[in-house]
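Just so we're clear, the structure is a prediction, and the values are computed from it rather than from any experiment. This chain uses plain numbering: 1 for the first residue, then up along the sequence.
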Amino acid sequence: MDLPIVVPLTRPIKLADQTIDALSFDEPDLDAQIAYAELEASLPEPAKVEQPDGSIAEVHTAITAAKVNRFWLARLAGVSEQVVGKVKDSDLAAVNAAAEVVMGIATDKGEGAGGAPGNAIPAK
């Protein structure tokens, strides 16, 4: 995987006198990991939900999931959570895909894998 992963935004972020037309995602540093541990300690306990097979799954609220997502997007892109909060829905899937690749959540198996994630138009 080549880092950083740059995701061009179809809807640039405008914040005060600044316009951001791309986000660049890189691996987390130690400070990000410490900050996440602090955030995690402040989050409410997840609900325990029994699954059809009898197992118990811990389920976080949508608010908690969104806060964690905003935290990691900001840390991986090296921008503030305020900037990430302005990402439009039309760019969110591409931004999340890049973050997942950086965090090792997505797989890179299959033919043609390894291309730039995001919402850029593929080359012909």
Side-chain angles (χ1 to χ4, degrees):
M1 161 181 39
D2 292 329
L3 293 176
I5 297 172
V6 178
V7 178
L9 301 172
T10 59
R11 301 278 314 274
I13 297 167
K14 295 182 183 186
L15 194 61
D17 61 343
Q18 184 180 23
T19 299
I20 300 167
D21 59 4
L23 293 173
S24 180
F25 293 87
D26 207 345
E27 64 186 320
D29 57 22
L30 182 57
D31 284 341
Q33 294 173 30
I34 292 168
Y36 179 70
E38 291 169 348
L39 171 65
E40 191 175 38
S42 73
L43 297 174
E45 290 291 320
K48 296 185 183 329
V49 178
E50 186 173 352
Q51 302 300 297
D53 67 358
S55 65
I56 302 294
E58 293 186 346
V59 179
H60 290 279
T61 66
I63 293 170
T64 296
K67 286 180 179 181
V68 169
N69 190 40
R70 181 180 62 191
F71 171 88
W72 279 116
L73 292 176
R75 287 296 179 141
L76 297 175
V79 298
S80 71
E81 289 188 29
Q82 184 180 19
V83 168
V84 169
K86 300 294 183 190
V87 171
K88 302 291 189 235
D89 193 49
S90 56
D91 287 316
L92 195 54
V95 167
N96 280 331
E100 289 172 0
V101 170
V102 170
M103 296 293 286
I105 296 169
T107 64
D108 58 354
K109 296 177 183 172
E111 188 176 334
N119 50 7
I121 298 169
K124 293 185 179 190

Heavy-atom closest pair (Leu23 atom, Val87 atom, distance to 0.1 Å) is CD1-CG2, 4.1 Å
Qualifying salt bridge (charged side-chain N to carboxylate O under 4.0 Å, His left out) pairs with a residue from residues 22-41, counting only residues at least two apart or across chains | none
Locate the shortest heavy-atom distance separating Arg75 from Ala35; write the atom from each residue and the value.
-> NH2-CB, 3.2 Å
Which heavy atom of Asp91 sits nearest a heavy atom of Arg11, and at what distance?
-> OD2-N, 3.0 Å
Is Pro8 close to Asp21 at the side-chain level, that is, under 4.5 Å between some pair of heavy atoms?
-> no
Distance col, row Thr64:OG1 vs Asn69:CG, nearest 0.5 angstrom, shows 12.5 Å
Got a sec: does the CD of Glu45 have more than 12 other heavy atoms crowding it under 6.0 Å?
-> no
With sequence neighbours excluded, give me every ring-ring contact (aromatic ring centres under 6.0 Å, His included) pair touching residues 21-57.
-> Tyr36-Phe71, Tyr36-Trp72
Identify the heavy atoms of Val7 and Ala98 that sit nearest to each other, and give their distance.
-> CG2-CB, 3.4 Å
Remaining members of the apolar cluster that contains Val49, side-chain heavy atoms under 4.5 Å = Val59
Residues in side-chain contact (heavy atoms from CB on, under 4.5 Å) with Lys86, at least two apart?
-> Ile13, Leu15
Residues Ala57 and Gln51: closest non-hydrogen pair is CB-NE2, 3.4 Å
Among residues two or more places apart or on two chains, list those pairs meeting salt bridge (charged side-chain N to carboxylate O under 4.0 Å, His left out) that have a residue in residues 52-72.
-> Lys48-Glu58, Arg70-Glu81
Any chance you could pull the hydrophobic cluster mates of Ile63, using side-chain heavy atoms under 4.5 angstrom and chaining through other members?
-> none
When you look at Val95 and Leu73, which way does the side-chain contact (heavy atoms from CB on, under 4.5 Å) test go after all the steps?
-> CA-CA 8 Å; Val95 167; Leu73 292 176; 3.6 Å; yes
